[in-house]
Amino acid sequence: MRITCPICGTRDRREFYYQGAAEALHRPDPEAGEDAWDAYLHLRDNPAGRTQDLWYHEAGCGCWLVVDRDTVTHEIYGATLVEARHAD
Amino acid sequence: MRIEGRGRIDRTREVKFLFDGVVRAGHPGDTLASALMASGQMLMGRSFKYHRPRGVLTAGSEEPNALVITGHGGRAEPNRRATMVEIHDGLEARSQNRWPSLDFDILSLNDRFAPFLGAGFYYKTFMGPGKTWEKLFEPLIRGAAGLGALSGAPNAETYEKAWAFCDVLVIGGGPAGLMAALSAARAGADVILCEEDRDFGGRLLAEDEQVGGQPGADWAAALAAELAGMDNVRLMPRTTVTGAYDQGTYGALERSGQHLAEPGDLPRECFWRIVAKRAVLCAGALERHIAFRDNDRPGVMMAGALRAYLNRWGTVPGRQVAVFGNNDDAHRTARDMAAAGLEVVALVDSRHEAENLAGDVPFYPGWQVTRAHGGSALEAISLRAPDGGERRLAVQALGVSGGWNPTLHLTCHQGAKPLWDDRIAAFVPPEGAVPGLTSAGAARGSFSTAACLREGAEVGAEAAGALGYATTPAALPEAEDAPYRLRRLWAVEGKGRAWLDFQNDVTVKDVKQAAQENFRSVEHMKRYTTQGMATDQGKTSSVAALAILADVTGRAIPETGTTTFRPPYTPVAIAAMGAGGEGPGFAPRRLTTSHAASAARRAPMIEAGLWYRPSYFPQKGERDWQVACDREVRMVRNSVGICDVSTLGKIELQGPDVGRFLDFVYTNTFSTLKPGRVRYGLMLREDGFVMDDGTTARLDDNRWVMTTTTAAAGQVMRHLDWVHQALMPQLDLRFASVTEQWAQFAVAGPKSRELLDGLLDAPLGDFPFMACGPVSIGGIDARLFRISFSGEEAYEIAVPARYGASLFHELVKRAEALGGGPYGMEALNVLRIEKGHITHAEIHGRTTAFDCGFERMVSAQKDCIGKTMAARPGLTGPEREQMVGLRPVDGLGRLTAGAFLFNEGDPADRIHAQGYTTSACHSPTLGLPLALGFLRNGRARHGERVRMVDHLRGVETLCEVTDPVAYDPEGGRLRD
Ligand SMILES: [Zn+2]
């Protein structure tokens with residue numbers, strides 16, 4: 001498996017650390033309530049198909065990426081910096 | 001026997017090798033199989049279950065029978081296919097799965113009990129009741145079954161792994177692959193051409209045919225030489241592409257030095273990961289057998305293999321030869337045999353309408369071979385005429401062809417199923433199933449040489465074209481373009497055992513029995529009969545087996561389906577895939593700058609993550625580690641000790657917003673920290689549990705340095721990157737790990753200040769507890785922190801790593817002059833347990849700040865990671881297990897880490913557990929054992945008694961519950 005890091009280019013997956021669903025980007029307000037925090041921390045979909053998840057280019061530039069990929073076909077549509085997404 | 005004038009071996013030179021301890025001879029260019037055949041040895045192995053005598057069946061990596069062990073001791077390798085072993089001087093090969101010898105194998109008696117050992121035998125018998133099975137039959141059966149044995153010695157060979165990158169990967173160097181490589185390379189693409197054989201040419205090496213007006217093998221050699229001369233082409237002979245993985249990554253195994261008598265510094269094998277933008281599969285096709293009674297006798301071979309041995313190696317099993325096929329291609333074997341002067345006693349073609357394409361040989365259209373006769377060598381065959389009449393002919397060799405199966409395995413490695421093509425009665429690749437991979441030639445079911453050349457050229461050009469290279473397909477040489485005609489025939493009707501999977505001893509009857517017992521799914525049939533589950537993965541047999549399953553279950557072949565193709569295509573030694581990963585290569589070793597000095601003092605090393613740290617520094621006369629440890633603890637408490645703490649994670653942060661950032665990642669406030677001061681901080685995970693702790697120093701307004709625990713350095717760095725990039729990208733700061741850049745030493749004990757005063761270039765002046773600042777040592781800029789993990793007045797001094805070794809030397813020398821010296825991890829641990837400091841033994845992922853007694857460190861004034869969830873119900877309160885100190889009531893009893901705590905009088909079982917211990921030591925300072933642990937409502941229970949029970953070690957001790965800080969609770973020693 002190969003992921004194209006926006007900083008470093010296309011690299012083998014061994015350079016990356018896998019974290020989990022990109023939902024972790026949307027941290028609730030401290031006052032958002034138990035349900036929001038429970039969902040944020042614990043509730044995850046298990047999609048057969050397109051998904052977005054977080055990878056850390058640990059053996060590379062140290063950037064966190066959102067990788068857009070398909071769990072069925074293993075196709076990778078692209079990767080973006082989490083920092084850049086936040087700016088949007 | 002050898003046939004004069006045939007073959008592409010170098011007859012001017014002789015190669016000597018050992019087979020089963022006897023010296024044999026062959027020629028350069030021979031495989032072990034061809035050399036053994038030439039010396040009259042057709043018996044090359046014994047089968048897995050019945051120990052039936054078996055000879056070589058094929059001339060390639062699909063070989064099921066001729067498996068040998070090469071080398072001996074730690075260099076032995078079992079289950080090598082004799083067809084793939086190139087002979088060299090000094091080669092040692094042994095037959096396997098026989099006892100005491102290949103010719104006389106006692107376990108061939110299994111063959112007599114065959115009626116009891118049919119399909120599902122293992123499942124039925126290993127469930128058998130009673131002690132007789134367990135004690136007698138099962139060990140016997142298990143002992144008898146199997147292939148080659150491992151030597152039991154550590155592998156003495158070296159292996160490599162490597163990466164390669166290219167535009168176009170061409171898999172297979174036959175006519176299609178050579179043309180594909182040529183077309184892509186001429187267009188300008190970077191090409192890698194992998195060929196499993198040592199020579200390029202594929203089937204052309206095995207055939208007597210012309211390409212472009214010259215012998216096919218010569219044409220291939222010339223083209224390979226042309227490719228070798230191109231800068232953008234990399235030829236990789238002896239390399240089998242074994243798997244197709246995601247995003248154009250292919251696994252490949254290269255036999256690097258294994259074929260050489262003296263490999264020098266070449267590894268035995270190299271496992272490649274090849275990343276290709278496009279790939280072309282030109283892996284050819286594999287011939288399939290026809291099942292009939294005793295079709296496994298040595299001397300019965302694939303027709304294509306039989307003529308390969310003649311044309312490439314100039315050898316045949318015997319002078320009298322017969323051929324049995326259901327297609328035109330089989331006729332070529334009869335033709336070539338006759339042309340070589342051998343006696344072709346019969347060309348048997350099961351098709352009534354077949355025409356004889358082999359010239360002047362006895363031709364039997366519409367006939368079938370019903371049986372092979374002989375024991376360890378073929379002696380005769382029985383034929384049955386269309387009208388039922390039988391005939392028996394004496395032969396030493398029989399070539400059989402049931403047609404050809406495209407070698408499409410790689411196209412199905414990502415889960416796709418192959419497609420059935422009725423025209424050739426074979427499965428063909430599902431195009432597009434592996435993105436970027438296309439197939440050409442025989443691998444796609446186009447079997448004539450002309451078709452292979454044409455498709456190879458087209459697909460190679462197409463692959464380069466897709467990458468933007470301008471292409472014109474290479475001109476095609478003239479070649480054979482015969483149609484491929486066959487009529488399917490999987491098994492000949494008749495009595496007796498007709499074999500499908502030779503390696504796992506599966507017969508036609510086994511497959512039928514599986515269907516009868518309702519294992520009708522191809523995946524069930526496979527597992528029930530073990531068809532296709534041996535090391536050859538049923539390459540010569542699986543299609544026939546599922547065709548027979550389709551017949552008996554009344555289904556069509558596409559409906560019956562195939563089993564799943566998975567990597568690797570051929571066996572890959574774990575040693576190759578994991579090359580470099582054994583012994584010290586298993587993980588990187590991180591060594592401190594004081595490592596050599598510690599080792600010189602014979603300090604035993606303990607692993608901390610990837611780091612190696614000294615446990616203790618033994619002195620003369622100290623009988624064990626405990627004595628040394630006690631001495632080192634007293635040394636720190638009474639004079640001064642030196643400890644290398646460079647392994648702690650060090651992260652330098654710069655920028656105006658560092659304070660705000662730290663406020664968010666630590667539970668406590670850092671933005672208020674003044675320059676020149678250090679603060680202890682606690683980090684939580686977002687779920688509210690403690691992640692790590694450590695100190696952060698503010699060197700000046702915009703420059704900070706954080707320390708993490710040794711174990712969590714990587715995790716904390718990852719976490720900080722996450723928080724900054726994902727949650728707070730608007731903050732103006734940057735940070736980097738500087739763990740490797742700084743060597744840092746603790747100078748701890750009442751004489752630490754005295755030591756420093758002698759060491760530093762300038763007097764230290766007022767430097768209170770938790771101060772930090774720049775200092776100079778011998779003109780070198782250093783950083784000094786007054787922090788203490790031991791509870792004594794202590795400093796940590798950091799210098800650029802290149803000065804670490806000399807600073808350690810200097811510190812130890814000065815400490816020794818003051819009655820101190822170096823101390824190791826054991827003493828460090830005792831010192832911190834005495835002081836009740838936590839480590840990852842306590843913050844093990846299930847404890848909260850509240851549990852550790854740090855709830856006041858969670859600032860109410862600000863948000864931080866983990867704050868919300870730490871306030872969840874259940875994470876605070878008297879029901880929580882809270883950190884306490886423990887000591888034996890009698891001052892003597894043993895304390896251990898990992899033991900459970902119970903109320904006095906309660907049974908020591910799970911539901912009564914009140915907590916557990918996390919750290920324990922003998923405290924030389926207090927003269928008694930101490931432990932840290934977590935006890936339900938522990939902070940309210942100081943002074944109570946609890947029972948510590950270590951079920952594993954059989955220890956039980958009555959303890960008093962105390963505050964975690966056992967030594968100097970007011971902290972006067974570290975401040976004054
Ligand atoms: Zn990167």
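Chain letters run A, B, ... following the sequence lines, proteins first, then strands; residues in each count from 1.
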Gap between atom CH2 of W722(B) and atom CD of Q19(A) - 0.5 Å precision: 7.0 Å
Any donor-acceptor N or O pair under 3.5 Å, side chains W37(A), D35(A): no
Residue among E75(A), R14(A), E34(A) with most heavy-atom pairs under 4.5 Å to chain B: R14(A)
R69(A) to Y77(A) six-membered ring, cation-pi geometry met (6.0 Å, 45°): no
Contacting moiety of H42(A), where chain B heavy atoms sit under 4.5 Å: side chain
R50(A)/D70(A) salt bridge by N-O under 4.0 Å criterion: no
I865(B), part contacting chain A, at a heavy-atom distance under 4.5 Å: both
Chain A contact via D721(B) - which portion, at a heavy-atom distance below 4.5 Å: both
By side-chain hydrogen bond (donor to acceptor under 3.5 Å, both in side chains) - contacts of E686(B) (at least two apart): R27(A)
L54(A), part contacting chain B, at a heavy-atom distance under 4.5 Å: side chain
Worked check of side chain to side chain contact (heavy atoms under 4.5 Å, CB included) between F16(A) and V67(A): CA-CA 11 Å; F16(A) 297 86; V67(A) 176; over 6 Å; no
L41(A), part contacting chain B, at a heavy-atom distance under 4.5 Å: side chain
Winner by heavy-atom pair count (cut-off under 4.5 Å) against chain A, out of K867(B), R718(B), R273(B): R718(B)
Under 4.5 Å from any heavy atom of chain B - which part of A32(A): neither
